[in-house]
Amino acid sequence: MNRLEALLADLDEDQKLAVMHGEGPLLVVAGAGSGKTRVLTYRIAALMELGLAQPHEILAVTFTNKAAREMAERVESLVRGSLRGGFVGTFHRFALQLLRNHAREARLPERFVIADEDEQRQILDRVFKKLEIPSTRLTPRAARSRISAAKNALLGPKELESRARGDSERLIAQLYAAYQDELRSAGAVDFDDMLLGAVSLLERHDVLRKSLISRFRWLLVDEYQDTNLAQARLVWLLGGKTPNLTAVGDEDQSIYRWRGAEVENILNFEAAYPTACIVTLGRNYRSAEPILRAAAAVIERNSRRRPKKLSSEVGSGAPVVVYLAADEADEARFVADEIGRLRGSVSAGEIAVLFRVNAQSRPFEAEMVRRAMPYVVVGGTRFWERKEVRDALAYLRLLVAPDDVLAFRRAIHVPARGIGQVAMDHLESAAGAWGVPLPEAARRLPEELTPRARLAVGEFNTLLVELRTLAAGAPAAEVVRQLLDRSGLAAQYGSEDEEDRARRANLDQLVAAAAEATERGLDLRGFLDEVALLTDADMRREGDAVQLSTLHAAKGLEFAAVFLVGMEDGLLPLRREGNGEADEEEERRLAYVGMTRAQRRLFLTFARVRRVNGQLLSGRPSPFLLDVPREVVEDRTAAAGRDPFRARAPQPTRRVAKPSDGFHEERFGPRTPDPGPRSSPRHPDGWRPGLKVRHATFGSGVILQVQGTDAQTRLVVFFDRTGRKTLIPSLAKLERC
DNA sequence: GCTTGCGGTATTTTT
DNA sequence: TACCGCAAGC
């Protein structure tokens, strides 16, 4: 059996079709657990075995560094060779590489820097001040995401402006333009600029584009359902006239719409690539039958998808367990009990607790601490975003790019060295007057500085010069170590309390990361570029501990047992102001992604009462939960006398006073705040949560909350059409209905 | 320029 | 409820 035959022996019929597809565009619609990664890696291996592709002709893009690394490793072990010369990495890394190699053509400074989210926000803060925009109108945070959305949709400030309808959109366009100016004058690009820049570079430089097309003959894109317009366009540009493009994805697992992902990219693949061949992988090798049936029942209600069926190759298994908890503590207790039971046969690392929002992790953590169960919270505060790490990185950036304004502004204040607002103002205005970057102005020590500030700035300059000299010769890790030492960054965290220890440990990790980068032949600048594109997922430790994770962070992973918790209407699907139908579909996909992470056991839980942001809310079961066919369910709640699936049955005519039982309440509004079992004072005017009302302009809605009495009365009402509003009933004409 | 306290706010976060 | 960011005081 030759190597190719050996490869094919591992595949089912559909997978073989995809792997052995020749030239031309190919879309692999890969349902959950259907061997998507296998197809991608085997395809690359097969193309090489067949002699169709040379390593340097391969361009494979993924969304995470981790996925890229795994892919490269798997291919290399399959072909027992190296992929050197080819590109296996993230979209952003590819774009960055392109821009670095062609900075001038891309109209970027030779040593442009990468602005992270923190710096984007700082820039926007400055822009807000400059344009005198009160942050009541729009938060810098919101502006950031609107600008990001525009960039992801390939719109420049001018295009956005010309499309703007209404003042607020024009304001965004104006902010965008000012933001972009500020960013450019700092010699920086943000994450979105990388993609945008790469696209416009290729659009403007045909020669470059053609050379890339002929070099990278084979394009492979993973998770195509989560590409945004810029990414799809980039792929399209790299494809040329006869693209040998393999796109792999599953529209049912598209969960990054809020970051610009366009499900349409995969749904309309044939429109972009009319000659495309489509292979659907329909066999699921991950989940037991009941799990798959439950998940299918949830996702089938979505309209924007290709209808498809997944058959379980795993076979039958335990039913899906549903549990209705009294509150979040009870939910955590139940989950911990079950985990305790499972751990007889499953290791902790094979178990995941998945939730919609990070804030939900608390009770589970508390419970697991109490029981001394090993657990890790995935995500949370991310390593590269920690203050101490960012501070050190700012220094490093200043070593590589002496005029990096963003890094300068950060580094000069940490540790505090007596340079305050006044001194900074002097430096800024001197920079303006001389027409030089801020760091350069600092080097020239403007006269306006007070003697004290002058001394401080001078010392800072000297420090940088010394470190820069060191950086010219020493390996990155040594530079980092010296820098931490001599800047006083490390000394800030000298105490023995937990926080300082953690910070020191993080700084040690940074040194280790630098050392490791040096081993891989990266210089300081390469290390910084890498770090800018790295995320926490890349640092994830594989330990034998229960994983507490958001649904988003669980994408692509699988576990023997999964607890999908907080399945309440309003939480999953998460509902907040102003999100509509499309988001509901995405929430459904999110639930689907969560459920299909499970191999053997799936538990769905929710709480009747949950404390959210300090408020007590009583929930009704998630509609997704009600979609699960009861014949695959084992309801553990029944023992406690509650039956979630009764909610589907007609409401009983006579209702016993069971005030907070979400199941048996009327089906109104998204979530009903619970006045609490003991304290439910009747409002004198008769307003109460749950009451349906009608407003002249907002239409019909339901009261979520009643605050205060008399003239102070405020009603929080959730309107069907416009979402949540707070009203003063004496002013707003509200009708009870 | 650093600390303390108040008020406003509150998703998801592949790069 | 809990955190973060900003504003006023030392």
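Letters A, B, ... are given to chains in the order of the sequence lines, protein chains preceding strands, and every chain is numbered from 1.
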Write down the distance between [atom1] ([X]) and [atom2] ([N]), rounded to a whole number of angstrom.
X: A:Phe128; N: C:dG5; atom1: CZ; atom2: C1'; value: 15 Å
X: A:Gln122; N: C:dC6; atom1: CD; atom2: C1'; value: 15 Å
X: A:Lys36; N: B:dT14; atom1: NZ; atom2: C1'; value: 11 Å
X: A:Arg144; N: B:dT13; atom1: CZ; atom2: C1'; value: 9 Å

### Aromatic ring proximity, centroids under 6.0 angstrom, A:Phe563 and A:Phe364
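For A:Phe364 and A:Phe563, the ring centres are not under 6.0 Å apart.
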### Message
Using the ring centroid of each side chain, check whether A:Phe460 and A:Phe408 are separated by less than 6.0 Å.
### Response
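Yes, close enough.
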### Task
Would you verify whether the NZ or CZ of A:Arg184 falls within 45 degrees of the ring axis of A:Phe112 while also being under 6.0 Å from that six-membered ring's centre?
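No - A:Arg184 does not lie over the ring of A:Phe112 by the 6.0 Å and 45° rule.
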### Query
Closer than 4.0 Å, any side-chain N/O of A:Thr90 to the OP1 or OP2 of B:dT14?
no
### Under-4.0 Å side-chain N/O to phosphate OP1/OP2 contact, A:Asn358 with B:dT12
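A:Asn358 to B:dT12 OP1/OP2: side-chain N or O found under 4.0 Å.
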#### Entry: Nearest-nucleotide pick for A:Arg141, side chain only, options being B:dT13, C:dG5, C:dC3
B:dT13
### Task
Return the nearest nucleotide to the side chain of A:Val357; candidates are B:dT12, B:dT14, C:dG5.
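It is B:dT12.
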### Query
Expressed as a whole number of Å, how far does the C1' atom of B:dT11 sit from that of C:dC6?
24 Å
### Query
Hey, is A:Tyr256 doing a stacking thing with B:dT12, by the 5.5 Å centroid and 30° angle criteria?
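No; by the centre-distance and plane-angle rule, A:Tyr256 does not count as stacking on B:dT12.
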### Message
Can you tell whether the side chains of A:Arg410 and A:Asp404 come within less than 4.0 Å, N to carboxylate O?
### Response
no
What contact category does [X] fall into here, base, sugar-phosphate, or nothing, at under 4.0 angstrom with non-hydrogen atoms?
X: A:Leu551; result: nothing
X: A:Asp226; result: base
X: A:Arg362; result: sugar-phosphate

### Message
Base of B:dT11, side chain of A:Arg356 - is there a donor-acceptor contact under 3.5 Å?
### Response
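It does not, because no donor-acceptor pair links the side chain of A:Arg356 to the base of B:dT11 below 3.5 Å.
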